[in-house]
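Structure first, then comments.
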2 protein chains.
Amino acid sequence: MHPSDNETSIRQASLEDLVTGPVDGLILEERLGYALRRAQLKVFKHFDEAMREHNIRPAQFSSLVVIEGYPGVTQSSLAQTLAIDPPRVVNLVNSLEERGLAMRVRCKRDRRSHGIFLTKQGEALVDKLKELSSQSDLAATQALSEIERRQLLMLLRKIYAPAHGEG
Amino acid sequence: MHPSDNETSIRQASLEDLVTGPVDGLILEERLGYALRRAQLKVFKHFDEAMREHNIRPAQFSSLVVIEGYPGVTQSSLAQTLAIDPPRVVNLVNSLEERGLAMRVRCKRDRRSHGIFLTKQGEALVDKLKELSSQSDLAATQALSEIERRQLLMLLRKIYAPAHGEG
DNA sequence: GTCAGTTAGTTATAAACTCCAACCATTTTT
DNA sequence: AAAAATGGTTGGAGTTTATAACTAACTGAC
């Protein structure tokens with residue numbers, strides 16, 4: 001321990017009672033970042049549970065869905081689409097390849113690029129995963145009506161992709 | 001490297017063209033988890049920028065706001081309120097103490113507990129931070145009307161706190 | 001051609017966050 | 001008093017996430 005560390009620098013002040021239970025966030029709940037984080041925490045928890053059996057992480061699932069929608073997508077394109085950086089894509093695609101769910105194919109025209117495709121196995125799995133994911137989303141948002149759910153998605157899209165959020 | 005690692009196991013298949021640009025997520029954008037993550041990413045980016053000058057992390061900000069709203073809150077209560085675990089609260093409060101923004105006070109009744117209070121400095125700072133945070137939220141959600149913003153908050157609260165979300 | 005500059009992908013590394021298990025001090029229960 | 005429970009703390013392992021540096025391949029200007 002460094003001397004600069006204040007090893008439990010507790011003032012020995014007198015205090016009769018203090019707030020001991022859980023507490024609602026008050027002004028905090030008006031903060032968008034906080035609300036987003038809390039909601040995401042819950043949704044992701046459900047997602048993890050739903051995917052546990054298949055040992056799939058959120059980013060892996062997202063990748064599989066994009067690859068399915070755009071067979072031959074490049075890694076850089078995947079990075080832009082998912083808003084993650086290139087090094088992460090490498091790991092992501094590696095993990096998918098190792099599990100036999102996807103494969104890289106070198107592009108003839110530009111031999112730097114790899115097109116990514118799903119294997120038969122990958123195709124089969126992603127279909128199942130999409131179903132599980134939908135169920136998980138529903139379970140995590142039981143408190144919402146179908147209309148509210150759609151509304152929420154639209155509002156979120158408006159935030160991160162203002163141009164296309166309204167569609 | 002292990003022999004089991006497939007060092008760039010690229011099939012030398014022939015491929016003329018492939019999807020190279022960024023791509024819209026298609027079915028992916030219907031996934032709640034994805035939309036939440038993307039929106040949070042953007043909101044947090046704005047938040048980080050707004051707080052850079054004061055070198056404040058999201059969790060630190062949240063803590064300050066809760067402590068301000070509930071002076072004398074205990075660490076366990078803070079943990080429950082922010083949905084983080086006790087060890088993280090220790091680090092969090094340490095960092096706030098080291099910077100002179102908050103202080104622990106041992107409770108007379110139960111000497112295991114620490115009430116946490118803001119210092120004068122902390123009080124002054126949190127007021128400024130709340131203002132910055134509000135501005136940052138607005139900037140990150142320029143695409144939303146005030147009504148939509150309120151709607152979004154309500155929907156998010158409904159997800160993570162179904163009982164109180166409607167209020 | 002060849003040189004500089006750019007892009008796709010990769011590697012390595014470090015920083016940060018999260019989670020877990022163990023631990024001390026204190027309080028409560030029996 | 002002994003046992004169990006609680007508030008807080010410490011340390012470490014396992015993941016993420018970001019950064020920098022690097023190779024390979026392509027492009028365009030000369």
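Evaluation of the side-chain hydrogen bond (donor to acceptor under 3.5 Å, both in side chains) rule for Arg88(A) yields no partner, not counting sequence neighbours.
The phosphate of dG9(C) (OP1 or OP2) has a side-chain N or O of Ser76(A) nearer than 4.0 angstrom. In this structure, Arg57(A) does not reach the dT15(D) phosphate: none of its side-chain N or O atoms is under 4.0 Å from OP1 or OP2. Between Arg104(A) and dT10(C) there is a side-chain N or O to OP1 or OP2 distance below 4.0 Å.
Within residues 42-55 of chain A, no residue has any heavy atom under 4.0 Å from DNA chain D.
Nucleotide dG8(D) holds its P atom 7 Å from the CD1 atom of Ile116(B), rounded to whole Å. The CG-P distance, from Leu92(A) to dA8(C), rounds to 18 Å in whole Å. Rounded to a whole Å, the CG atom of Leu96(B) is 15 Å from the P atom of dG8(D). To the nearest angstrom, P of dA20(D) lies 12 Å from CG of Asp85(A). When rounded to the nearest whole Å, the span between NE2 of His114(B) and C1' of dC24(C) equals 12 Å. If you measure from atom CD of Gln80(B) to atom P of dG8(D), you get 10 Å, rounded to the nearest angstrom. In this structure, the CZ atom of Arg106(A) is 10 Å from the P atom of dG9(C), given to the nearest Å. Between the CG atom of Asp110(B) and the P atom of dT27(C) there is a distance of 6 Å, rounded to whole Å.
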Side-chain polar contacts of residues 131-142 of chain A - donor-acceptor pairs under 3.5 angstrom, sequence neighbours left out - could you list them?
residue	atom	partner	partner atom	Å
Glu131(A)	OE2	Gln135(A)	NE2	3.0
Ser133(A)	OG	Arg31(B)	NH1	3.1
Ser134(A)	OG	Lys130(A)	O	3.1
Ser134(A)	OG	Arg31(B)	NH1	3.1
Ser136(A)	OG	Phe47(A)	N	3.4
Asp137(A)	OD2	Leu32(B)	N	2.9
Thr141(A)	OG1	Asp137(A)	O	2.7
Thr141(A)	OG1	Arg149(A)	NE	2.8

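With DNA chain C read from its 5' end, the first of the two nearest nucleotides for Asn91(A) and Arg88(B) is the one closest to Asn91(A). Heavy-atom nearest nucleotides on DNA chain C were determined for Arg112(A) and for Pro87(A), and the one closer to the 5' end corresponds to Arg112(A).
Heavy-atom minimum distance, Val73(B) versus Leu78(B): CG2-N, 4.2 Å. Taking every heavy atom of both residues into account, Leu152(B) and Leu152(A) meet most closely at CD1-CD1, 3.5 Å. Between Ser63(B) and Leu82(B), the shortest heavy-atom distance links the atoms OG-CD1, 3.6 Å. Listed here is the closest heavy atom pair of Arg104(A) and Gln75(A): NE-OE1, 2.8 Å.
Distances were taken from every side-chain heavy atom of Asn94(B) (C-beta onward) to each of dT10(C), dT10(D), dG8(D); the shortest belongs to dT10(D). The listed nucleotides are dT10(D), dG7(D), dA8(C); the one nearest the side chain of Val90(B) is dT10(D).
The base of dT26(C) is not paired with the side chain of Arg111(B) by any donor and acceptor separated by under 3.5 Å.
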For Ile84(B) and Leu92(B), what are the C-alpha separation, side-chain angles and deciding distance, and is it a side-chain contact (heavy atoms from CB on, under 4.5 Å)? CA-CA 10 Å; Ile84(B) 59 184; Leu92(B) 227 49; 3.8 Å; yes
